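The next block holds one structure in the form of structure tokens; read it before the comments.
All values below were derived from every heavy atom in this structure, side-chain atoms included, with hydrogens, water molecules and symmetry-related copies excluded. We name chains A, B, ... by the order of the sequence lines, and we start the count at 1 in each one. From a predicted model like this one, the values you see are computed outputs, not experimental measurements.
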There are 2 protein chains.
Amino acid sequence: MASFNVPDIVVGRLPVYLRVLNYLLAEGRQITSSQELGDRLGISSAQIRKDLSHFGEFGKQGTGYDVLFLRDQLKQILNVDREWKAILIGAGDLGNALAHYQRFADNGFDMLAVFDNDPDKIGKPLGRYTVKSIDDLESFITENQIEMALIAVPAAAAREVAARLIDCGVKALLSYAPITLAVPQGVRVQYIDPVTRLQHMAYYIGSGDK
Amino acid sequence: MASFNVPDIVVGRLPVYLRVLNYLLAEGRQITSSQELGDRLGISSAQIRKDLSHFGEFGKQGTGYDVLFLRDQLKQILNVDREWKAILIGAGDLGNALAHYQRFADNGFDMLAVFDNDPDKIGKPLGRYTVKSIDDLESFITENQIEMALIAVPAAAAREVAARLIDCGVKALLSYAPITLAVPQGVRVQYIDPVTRLQHMAYYIGSGDK
DNA sequence: TAGATTGTTAATCGATTAACAATC
DNA sequence: TAGATTGTTAATCGATTAACAATC
């Protein structure tokens, strides 16, 4: 797992490589090539080989890559060859969808609890959870050594929630709130905002000449 | 709106600029600067000025930018100074959350219908919609001149759904299915996969030395 | 005017691509 | 062996940053 200064954009592609390898595995494929992976992902084979070269040598000349081996190597590199403990803040419609999303558990992200500040929701069942009070956020994180959190609260509440999470030592935030968060060194944030994505595409399909 | 070959990465930042300008507007601010915008977004003021310079001159030396004016210019540039007609495919938990998401309408994305292939769901209410049969997809798109679609179906169904949408002339797809879609020239796709985002962050917070 | 901030240039930095020797 | 594909190098391409003249 030799690596020190791999470009973030390369790291961001690894999960997609991992995903396609999992599909290949499910299809019963044993061997693949940078060419095939590139074709499936719409990128060049050169980019895939270059990206992988940051971490080591995983293939065989003339043959390609062992799907299972490369898959497992990528899992190691990404640190997803183990379980991660996460929580979800926000039990609205989006929180409900995330609480039911099977792929988190399937990929080793163990969602341990769901929090909300609405008295009408606290104590009620939500999927396999019982919604907890946001008042219990700090104690729960500390006691369970939570490392990641999904933020699915309104934009107006997101900054305070993020601050509290970070105060308790949560190191990765995935925020669905449409707001940019300032976080200290050592804490990672990723954003999911479908509206900005639609706007991005609107630029191109807008007037035909772009 | 002079522009021909603006880097995609620049286009992708404009919606975020637009978002922060809307917040400034809501706060009653009339003037801002590239410095302030950069501070709010965690990027350099130089990058903001450079990005905007692809499209024209929007500020005044010594003063900065008129918030309302720049906001409206960005809306024009992104082609979001008008309504866009969209549909949603998939009425599961995620589809339910998206059907209720107010920010689409707030930002000019008019969701006209929700489709599913499950007989138990078809005809049932979902937010302000009544779930339509996927059998009616083609006729609905054609009759209503749908331009965008949100895909919230299982991965196994996503390729076929995308193909049908594209066949009917839909030009922008926002897919929540964890699979890469091959689309023809002129069609845009964006993906939202929270699992890849968590995996991306896991890389950094994994072992402390990255 | 003095102070501030833009828009732009040039330099730096970083990522992608093409090509090919190595080698399975 | 002949054919195929990797890993890597060097060249190209593209993005970001720093700096500053222009100017409000």
Represent DNA chain D in dot-bracket notation, 5' to 3'. Only Watson-Crick or G-U wobble pairs with both distances under 3.5 Å count; pseudoknot-style crossings use [ ] and interstrand partners use |. ..||||||||||||||||||||||

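For DNA chain C, none of the residues of residues 17-30 of chain A falls under the heavy-atom distance limit of 4.0 Å. Looking at residues 184-191 of chain B, you'll see that no heavy atom sits under 4.0 Å from any atom of DNA chain D. Residues from residues 31-40 of chain B lying near DNA chain C, meaning a heavy-atom separation below 4.0 Å, are B:Ser33, B:Ser34 in numerical order.
Checked by atom type and distance alone, the side chain of A:Asn79 pairs as donor or acceptor with a backbone atom of B:Ala202 at under 3.5 Å. In terms of modelled atom types and a separation under 3.5 Å, the side chain of A:Asp110 and the main chain of A:Lys85 share no donor-acceptor contact. No donor-acceptor distance shorter than 3.5 angstrom exists from the side chain of A:Asn144 to the backbone of A:Ile146, with no hydrogens or angles considered. B:Arg164 places a side-chain N or O within donor-acceptor distance of the main-chain N or O of B:Ile134, the cut-off being under 3.5 Å. Remark: the backbone N or O of B:Met111 is paired with a side-chain donor or acceptor of B:Tyr129 at under 3.5 angstrom. Of the possible donor and acceptor atoms, one in the side chain of B:Tyr191 sits under 3.5 Å from a partner among the backbone N and O of B:Leu181. A:Lys132 places no side-chain N or O within donor-acceptor distance of the main-chain N or O of A:Ala113, the cut-off being under 3.5 Å.
Looking at residues two or more places apart in sequence or on another chain, you find no side chain to side chain donor-acceptor pair (under 3.5 Å) involving B:Arg159.
Note on B:Arg19 versus B:Asp106: no salt bridge recorded, every NZ/NE/NH1/NH2 to OD/OE distance being 4.0 Å or above.
In this structure, the CG atom of A:Asp8 is 16 Å from the C1' atom of C:dC13, given to the nearest Å. Spacing between atom CZ of B:Arg13 and atom P of D:dA15 amounts to 9 Å, rounded to whole angstrom units. A:Phe58 places its CZ atom 11 Å from the P atom of D:dT8, with the value rounded to the nearest Å. Regarding A:Asp51, its CG atom lies at a distance of 14 Å from the P atom of D:dT6, rounded to whole Å. When the C1' atom of C:dT5 is taken as reference, atom CG of B:Asp66 falls 15 Å away, rounded to whole Å. B:Leu52 places its CG atom 13 Å from the C1' atom of C:dT5, with the value rounded to the nearest Å. Following rounding to the nearest Å, A:His54 (NE2) and C:dG14 (C1') show an atom-to-atom distance of 10 Å. At whole-Å resolution of the value, CD1 in A:Ile48 and P in D:dT6 are 9 Å apart.
Taking the six-membered ring where the residue is Trp, B:Phe69 and B:Phe58 present tilted rings, their angle falling between 30° and 60°.
The two residues B:Arg103 and B:Tyr101 have their closest heavy-atom pair at NH1-OH, 2.8 Å. In terms of heavy atoms, A:Val11 sits closest to A:Pro15 at O-CD, 3.0 Å. Taking all atoms of both residues into account, the shortest heavy-atom contact from B:Leu21 to B:Val67 is O-CG1, 3.6 Å. Taking every heavy atom of both residues into account, A:Leu41 and A:Val16 meet most closely at CD2-CG1, 3.6 Å.
Nearest-nucleotide positions on DNA chain D for B:Val10 and A:Glu57 put A:Glu57 closer to the 5' end.
The 12-atom threshold is not exceeded at CD of B:Gln145, counting heavy atoms of other residues, nucleotides or ligands nearer than 6.0 Å. Within 6.0 Å of CD on A:Glu138 lie more than 12 heavy atoms contributed by other residues, nucleotides or ligands.
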Each nucleotide of nucleotides 17-24 of chain D classed B (base within 4.0 Å of a protein heavy atom), S (only sugar-phosphate) or -, in 5' to 3' order, makes BBB--BBB

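For C:dA4, the OP1/OP2 oxygens have no side-chain nitrogen or oxygen of B:Tyr65 closer than 4.0 Å.
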